[in-house]
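Notes for the one structure printed next.
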Amino acid sequence: MTTTILLHDVVGPFAEDKDAARDLRINQIEPALDAGVPVELDFAGVPLATQSFLHAMLSATIRSRGAQVLDQIVFKNCSPAVKPLVALVAEYSQETDAMRDRRTRPEKRPSTIASRKNR
Amino acid sequence: MRIFLPNSAHLANLEAFLRKCRFDKPTELHVRLHPRWVSVHPVAVALTAAAAAQVRQLGGVVTVGRASSKNHSLRYLAAMQLFKALGCEPPEKVRSHEPAGRFIPITQIRTSAELSNFIVEMVPLLHATKTEVQPIQYVISELVRNVIEHANSTTGAMICAQYYKARRRLALGVADMGVGIRESLSTNYTTSDDLSALKLALQPGVTGTTSGIYGSANNAGAGLFFTKGIACASDNLFTIYSGSGFFKLRRTPLAKRAKGIVIHADPDNDYHTEIADLPAWQGTVVGVDVSIDKGRTFAQFLHAIRTVFGIHRQAAPDPGFKAPRFA
């Protein structure tokens, strides 16, 4: 059994309403996943979505449940404009604060020899 | 407040127009027009309308200076519904234009539902193809949602646009008189001035709702970055003005363009102009030109922007990352 969500029926041809995205996440996607039912997000008839919409619909779910939740979600009929945005949101939502901190750790301080020269 | 609409105020020279504005008395607005003709980007019209809405809401007075009957721009300004927004009669009687095919007159948007309706209703006004309309819808949605969610503006967002069919380019202006970007970010970020706050807001993943990585459940903090990226990828200009800070994305110089246009996550790396001491505008004003041309699709633009976003985050994906499944 799969829960299929036809996005066109909810948001029309342009998926940009973040309130609708949040409602979809809270009222349809999360409950289905809680029940162990895979989710199919069908973008047929939706050639365009904003990154903000996709973030509001997906990011919190991926963050809270981890990367493995993507095994339970299928993105169907994504247009060439929607695909890179879905990939982007899915990608950065898997990044944790610890990963970010590791990457953005400040560079090493200047060597002691250089420091001494400046004295 | 005093605003002079000159014979040239476009994104390339917008800072000269802004420098002459005065935003000191919030209950008075006097708008003057160039005596012969007015040629301004929609961002200047949106800014004027936003100022007027604020003054009128406070019960203040809006006046328009006298203009010659030979001023050929009166019809254009009337068609843009500037005089209606100001609550004044045009200085001379003008015949109204049929808006279809050229511009979106000044529209005030306060709620998410109004925005969703507007995005659908504006499509036929532009007489553009589906491909041309996509980036326009995208940019309008991101910019106006920013106002609705972060600006705390009692008068909402003022938006107007002009479409140049021959060049397949849309010039768009969005203005609000809300709290401004520095104040909006202040809960989670400390910045030294308005310009620093502006440049911080242009970076992907920065939002006023949280200091955490890539936003909260409902805000990613990437709307302005995407808008700047779309302008950059289509080789157009983008300006943002809040408080005394001003940032303008310039076109990539011709000599460098041959190697390809590069989108940067850090606005300091863009070809740009920045100013920290313009007259302080209480709110935010964004002007942007968008076009689809030279055989490139909007999907290609988004793909390029996504790549930059990814590079900004990390050099290579971490092990254990999963890709979404497409069917």
Side-chain angles (χ1 to χ4, degrees), chain A residues 11-14 16-22 25-26 40 42 47-56 58-64 66-97 99-104, chain B residues 111-113 115-116 119-120 123 130-131 133-135 137-142 144-146 148-149 204-205 207 211-223 225-226 297-310 312-315 317-318 320-327:
Chain A
V11 294
F14 179 26
E16 61 84 36
D17 185 344
K18 288 165 67 180
D19 298 333
R22 189 198 56 218
R25 170 166 53 81
I26 293 171
E40 187 177 76
D42 192 338
L48 186 62
T50 62
Q51 177 264 344
S52 300
F53 174 89
L54 295 167
H55 177 95
L58 298 169
S59 189
T61 301
I62 299 171
R63 268 182 214 290
S64 61
Q68 59 274 20
V69 76
L70 289 170
D71 292 334
Q72 302 298 310
I73 303 174
V74 173
F75 299 90
K76 201 176 169 189
N77 294 315
C78 289
S79 72
V82 171
K83 236 178 194 175
L85 296 176
V86 169
L88 173 67
V89 173
E91 206 171 87
Y92 73 66
S93 298
Q94 294 175 57
E95 191 162 329
T96 62
D97 285 347
M99 289 174 187
R100 189 264 311 260
D101 290 346
R102 214 166 46 234
R103 266 185 219 103
T104 56
Chain B
T111 65
S112 174
L115 172 61
S116 296
I119 284 175
V120 174
V123 172
K130 265 187 183 176
T131 325
V133 161
Q134 280 190 348
Q137 287 179 309
Y138 192 103
V139 165
I140 288 175
S141 170
E142 291 286 19
V144 177
R145 276 203 189 277
N146 266 352
I148 293 168
E149 293 175 9
T207 168
S211 60
I213 184 168
Y214 299 113
S216 60
N218 297 320
N219 284 284
F225 167 71
F226 266 80
T297 65
F298 186 50
Q300 286 172 306
F301 287 172
L302 290 178
H303 186 76
I305 297 165
R306 182 225 158 177
T307 307
V308 176
F309 204 127
H312 172 68
R313 288 175 41 251
Q314 56 187 45
D318 274 20
F321 269 52
K322 276 189 186 292
R325 294 188 301 144
F326 293 105

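These numbers come from the heavy atoms of this one structure, side chains and all, not from hydrogens, waters or symmetry mates. Proteins get letters first, then strands, A, B, ... in listed order; numbering begins at 1 in each.
- At least one side-chain heavy atom of A/E91 sits less than 4.5 Å from a side-chain heavy atom of B/R306.
- With B/F326 as reference, A/V86 is the one residue of A/V82, A/V86, A/V74, A/N77 to meet the side chain to side chain contact (heavy atoms under 4.5 Å, CB included) rule.
- Neither the backbone nor the side chain of A/D42 comes within less than 4.5 Å of any heavy atom of chain B.
- Taken from CZ in B/F298 to OG in A/S79, the straight-line distance is 10.0 Å, to the nearest 0.5 Å.
- If you measure heavy-atom distances from A/D17 to chain B, the contacts under 4.5 Å come from both the backbone and the side chain.
- In this structure, chain B has a heavy atom under 4.5 Å from the backbone of A/A49, while its side chain stays farther away.
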Q: Would you sort out whether A/K18 and B/S112 count as a side chain to side chain contact (heavy atoms under 4.5 Å, CB included), showing the intermediate values?
A: CA-CA 9 Å; A/K18 288 165 67 180; B/S112 174; over 6 Å; no
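- Heavy atoms only, all atoms of each residue included: B/K322 and A/A67 are closest at CD-O, 3.3 Å.
- Put simply, the side chain of B/R325 gets close to the backbone of A/D71: a donor and an acceptor are under 3.5 Å apart.
- In this structure, the portions of A/P47 lying under 4.5 Å from any heavy atom of chain B include both its backbone and its side chain.
- Per-residue heavy-atom pair counts under 4.5 Å with chain B were compared for A/I62, A/L58, A/T50, A/I73, and the maximum is reached by A/T50.
- Atom OG of B/S141 sits about 4.5 Å away from atom CZ of A/F14, to the nearest 0.5 Å.
- Contact of A/L85 with chain B is made through the side chain alone, with heavy-atom distances under 4.5 Å.
- Taking all atoms of both residues into account, the shortest heavy-atom contact from A/S52 to B/E142 is OG-OE1, 2.7 Å.
- Between chain B and the residues A/A56, A/A21, A/A90, the largest count of heavy-atom pairs under 4.5 Å involves A/A56.
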Q.
Determine whether B/L302 and A/Q51 satisfy the following criterion, side chain to side chain contact (heavy atoms under 4.5 Å, CB included), listing intermediate values before the conclusion.
A. CA-CA 10 Å; B/L302 290 178; A/Q51 177 264 344; over 6 Å; no
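- When heavy atoms are compared at a cutoff of 4.5 Å, B/Q137 approaches chain A by way of both its backbone and its side chain.
- In terms of heavy-atom pairs under 4.5 Å with chain A, the best-connected choice from B/A299, B/A113, B/A327 is B/A327.
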